[in-house]
2 protein chains.
Amino acid sequence: MSGDIDQRIMDAVLAGRLLPGSRLGEQQLASLFEVSRTLVREALIRLAVRRIVRVSARRGWFVAEPSLAEARETLEARCALEYGMLAVAAPPGPAGMARLRGHLRHEQRLLAAGSAAERSVQLGNFHVHLAEVLGNAVAAEMLRDLTARTMLIAALYQTPRDAAASAQEHVQIVEALAAGRMLQAAAIMRDHLRHVALMLQPVPAPDPLAALRHALVPGGTASFPAPRPGAGRNHMSFTEQE
Amino acid sequence: MSGDIDQRIMDAVLAGRLLPGSRLGEQQLASLFEVSRTLVREALIRLAVRRIVRVSARRGWFVAEPSLAEARETLEARCALEYGMLAVAAPPGPAGMARLRGHLRHEQRLLAAGSAAERSVQLGNFHVHLAEVLGNAVAAEMLRDLTARTMLIAALYQTPRDAAASAQEHVQIVEALAAGRMLQAAAIMRDHLRHVALMLQPVPAPDPLAALRHALVPGGTASFPAPRPGAGRNHMSFTEQE
DNA sequence: CAGACCGCCCTTGTATGCAAGCCTGCCACC
DNA sequence: GGTGGCAGGCTTGCATACAAGGGCGGTCTG
């Protein structure tokens with residue numbers, strides 16, 4: 001299949017098994033998947049268009065590391081899209097509401113007993129499902145990519161935000177939807193995403209040069225670029241399941 | 001360069017030199033650009049992710065022909081995104097306003113003397129520029145693709161809508177922005193895009209089997225899929241400029 | 001001993017070769 | 001004359017071979 005390898009890599013990213021900056025060697029992946037470099041390369045090209053990976057010419061492929069500015073713009077774009085989606089759309093029908101409520105139950109289940117990665121993924125999927133329920137597959141697809149990028153952003157910049165708080169805001173959105181108050185739902189969504197954006201921390205990761213940099217530049221923090229977590233280090237841990 | 005071929009093909013699509021359904025043979029393009037099939041193929045793969053082209057396995061590559069349902073969803077997604085973008089963002093600064101006004105002048109110039117294709121492209125670019133002026137490059141990039149897809153949609157379904165009307169609505173949006181009335185601007189944008197959506201005509205093209213289909217299925221129109229305009233026919237007309 | 005230079009190795013970039021499938025047009029047969 | 005089958009050619013799909021470039025380590029020199 002065509003999108004097979006894409007999905008395998010995507011899954012690993014979403015599950016946090018591949019962190020931002022992880023190296024993705026073409027030959028390495030080809031051996032792992034037992035195909036030629038051609039198919040791996042095509043998959044990586046597709047993922048690059050979606051901004052999940054990036055290629056540094058003749059150096060290698062890496063899981064994307066969105067800059068802080070890009071992170072903020074991504075969340076702002078989500079804010080615009082999802083706010084507008086709710087403000088413009090008609091309230092979902094009973095079937096749609098049932099589906100959303102089912103997803104909320106799923107979220108609660110994972111809050112009680114689930115890995116952090118699972119929780120994050122499903123909290124993101126809420127937004128995709130919402131778009132689908134509102135009848136817009138095109139927006140849903142855009143959100144699928146945007147939420148995936150949000151996972152990378154969270155891995156880089158997000159302080160351990162309480163997943164329960166996110167889930168609670170999802171509940172409020174669904175309640176507003178149930179009452180047919182689309183503008184209220186939109187407003188909650190806007191604040192929800194802005195909350196996430198406000199939680200972004202400029203300092204992305206433990207920095208091996210932190211002590212030295214601090215000693216040399218006690219006041220400013222912007223003089224030296226800080227390397228990404230494990231940039232150049234190999235985070236590969238696919239843990240194939242078969 | 002990497003995105004070189006992509007852009008050449010994209011330009012041809014935007015200019016209307018490549019219509020929806022046009023065949024894009026790998027070897028044909030490779031000869032034209034004087035590269036191997038590899039690079040052409042990679043470019044086509046990238047464009048496929050962006051939904052500008054599609055591949056039918058072992059049959060060939062074609063310029064995308066969005067279905068009517070997909071067309072409506074694309075416009076609705078744009079509606080959501082652009083409405084939300086305006087509703088959520090802060091008013092642009094003086095430099096941004098100047099840039100928008102400059103683009104409006106450009107539109108007016110093309111209305112007076114410009115090809116239909118040029119007009120359409122620049123009317124679409126207004127939306128991209130707007131996103132950039134509002135400080136969101138991520139949304140701008142999404143809109144770049146969405147407006148391109150809108151060109152394909154227009155080629156398939158749009159009745160000759162007066163370009164002047166669109167341009168006039170752009171003027172109104174910029175005026176609202178200048179007054180700092182973001183919600184008003186958002187509302188105009190929403191209606192603007194809904195106007196376009198309402199103009200979509202279910203019948204995409206002359207259908208050589210229309211008589212036969214009508215004779216066999218007088219009531220329903222959904223039993224037989226209708227072939228796209230010139231499906232299988234070759235619309236290639238790159239008219240290289242060099 | 002420190003620093004700079006050089007060469008090897010590992011990476012991606014590009015082209016090409018071969019395999020597989022589909023469409024079309026011809027031919028034989030009914 | 002019409003219809004079914006078959007084969008050839010043209011298409012993409014995938015693998016592999018080769019080219020080009022950068023990083024790193026060793027070595028040589030000051």
Side-chain angles (χ1 to χ4, degrees), chain A residues 1-9 18 20-65 208-209 225 227-228 230-236 238, chain B residues 1-9 18 20-65 208-209 212 224-225 227-228 230-236 238:
Chain A
M1 259 318 250
S2 174
D4 198 13
I5 296 174
D6 308 47
Q7 196 57 49
R8 298 276 283 274
I9 297 174
L18 282 173
S22 301
R23 183 183 189 78
L24 297 168
E26 290 183 7
Q27 186 56 58
Q28 227 170 327
L29 293 170
S31 308
L32 196 58
F33 295 135
E34 293 178 308
V35 294
S36 77
R37 275 178 53 212
T38 304
L39 289 182
V40 170
R41 189 177 170 80
E42 290 183 355
L44 288 171
I45 286 172
R46 280 187 290 265
L47 291 173
V49 174
R50 300 165 64 188
R51 305 296 176 116
I52 306 302
V53 307
R54 94 192 140 81
V55 58
S56 177
R58 286 198 168 79
R59 292 178 36 77
W61 295 84
F62 303 89
V63 176
E65 305 162 272
L209 297 181
R228 287 278 84 72
R233 194 68 50 242
N234 199 332
H235 281 280
M236 286 283 299
F238 256 91
Chain B
M1 262 316 252
S2 175
D4 197 13
I5 296 174
D6 309 46
Q7 196 57 49
R8 298 275 284 275
I9 298 175
L18 283 173
S22 302
R23 183 183 186 79
L24 298 168
E26 291 183 5
Q27 187 56 58
Q28 225 170 329
L29 293 171
S31 308
L32 196 57
F33 295 136
E34 294 179 308
V35 294
S36 77
R37 275 178 52 212
T38 305
L39 291 181
V40 170
R41 190 176 170 80
E42 291 184 354
L44 289 171
I45 286 171
R46 281 187 290 266
L47 291 174
V49 174
R50 300 166 64 188
R51 306 293 176 117
I52 305 303
V53 307
R54 94 192 141 81
V55 59
S56 179
R58 286 197 170 83
R59 292 180 34 78
W61 296 84
F62 303 89
V63 176
E65 305 161 89
L209 295 181
L212 185 57
F224 291 78
R228 287 278 85 74
R233 195 67 51 241
N234 199 332
H235 280 280
M236 284 286 298
F238 256 92

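What you see is a predicted model, and the numbers here were worked out from it, not measured in a lab. Convention: sequence-line order gives letters A, B, ...; per-chain numbering from 1.
Atom CZ of Arg54(A) has more than 12 neighbouring heavy atoms from other residues, nucleotides or ligands inside a 6.0 Å radius.
Atom CD in Glu42(A) sits roughly 15 Å away from atom C1' in dT12(C) (whole-Å rounding). What separates CG of Asp4(B) from C1' of dG13(C) is a distance of 15 Å, to the nearest Å. Rounded to an integer number of Å, the gap from Leu29(B) CG to dA15(C) P is 14 Å. The distance between atom CD1 of Ile45(B) and atom P of dG13(C), rounded to the nearest whole Å, is 14 Å. Nucleotide dC14(D) holds its C1' atom 16 Å from the CG atom of Leu44(B), rounded to whole Å. Between Phe62(A) atom CZ and dT12(C) atom P the separation is 8 Å, expressed in whole Å. As a whole-Å value, the separation of Glu26(A) CD from dA15(D) C1' is 13 Å.
Under the rule for a salt bridge (Lys or Arg N to Asp or Glu O under 4.0 Å), the partners of Glu26(A) that lie at least two apart in sequence or sit in another chain are Arg37(A), Arg41(A). Residues passing the side-chain contact (heavy atoms from CB on, under 4.5 Å) test with Val55(A) are Trp61(A), sequence neighbours excluded. Shown here are the side-chain contact (heavy atoms from CB on, under 4.5 Å) partners of Thr38(B), two or more places apart in sequence or in another chain: Ser36(B), Glu42(B).
Put simply, the side chain of Arg8(A) never gets that close to the backbone of Phe33(A): no donor and acceptor are under 3.5 Å apart.
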Point to revise | Dot-bracket encoding of pairs in DNA chain D, which uses [ ] for pseudoknotted crossings and | for another strand, Watson-Crick or G-U under 3.5 angstrom | key: ||||||||||||||||||||||||||||||

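Candidate nucleotides dT16(D), dG13(C), dA15(C) were compared by shortest atom distance to the side chain of Trp61(A), and dG13(C) ranks first. With dT16(C), dT12(D), dA15(D) as the choices, the nucleotide that has an atom nearest any side-chain atom of Arg41(B) turns out to be dT12(D).
Here the rule is side chain to side chain contact (heavy atoms under 4.5 Å, CB included) with Ser31(A), and of Glu34(A), Gln28(A), Gln27(A) only Gln27(A) fits it.
Toward the 5' end of DNA chain D, the nearer of the two residues Gln27(B) and Arg37(A), judged by each one's closest nucleotide, is Gln27(B).
To the nearest 0.5 Å, atoms OG (Ser22(B)) and CD (Glu65(B)) are separated by 8.5 Å. A distance of 11.5 Å separates CD in Gln7(A) from CZ in Arg46(A), rounded to the nearest 0.5 Å.
Of all heavy-atom pairs spanning Pro20(A) and Val63(A), the tightest one is CA-CG1, 3.7 Å.
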Check your understanding: Stepwise, does the side-chain contact (heavy atoms from CB on, under 4.5 Å) test hold for Leu29(A) with Ile9(A)?
Key -> CA-CA 9 Å; Leu29(A) 293 170; Ile9(A) 297 174; 4.2 Å; yes

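Between Leu47(A) and Leu24(A) the shortest side-chain heavy-atom distance does not fall below 4.5 Å.
Look at Thr38(A) and you won't find any side-chain N or O under 4.0 angstrom from OP1 or OP2 of dC14(D).
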Dump the pairs, protein N or O against N or O of nucleotides 5-10 of chain C, anything under 3.5 Å, distances to one decimal.
none

Pull out every protein N or O sitting under 3.5 Å from an N or O of nucleotides 20-22 of chain C, one pair per line with the distance.
unit_1  : atom_1 : unit_2   : atom_2 : d
dG21(C) : O4'    : Arg58(B) : NE     : 3.3

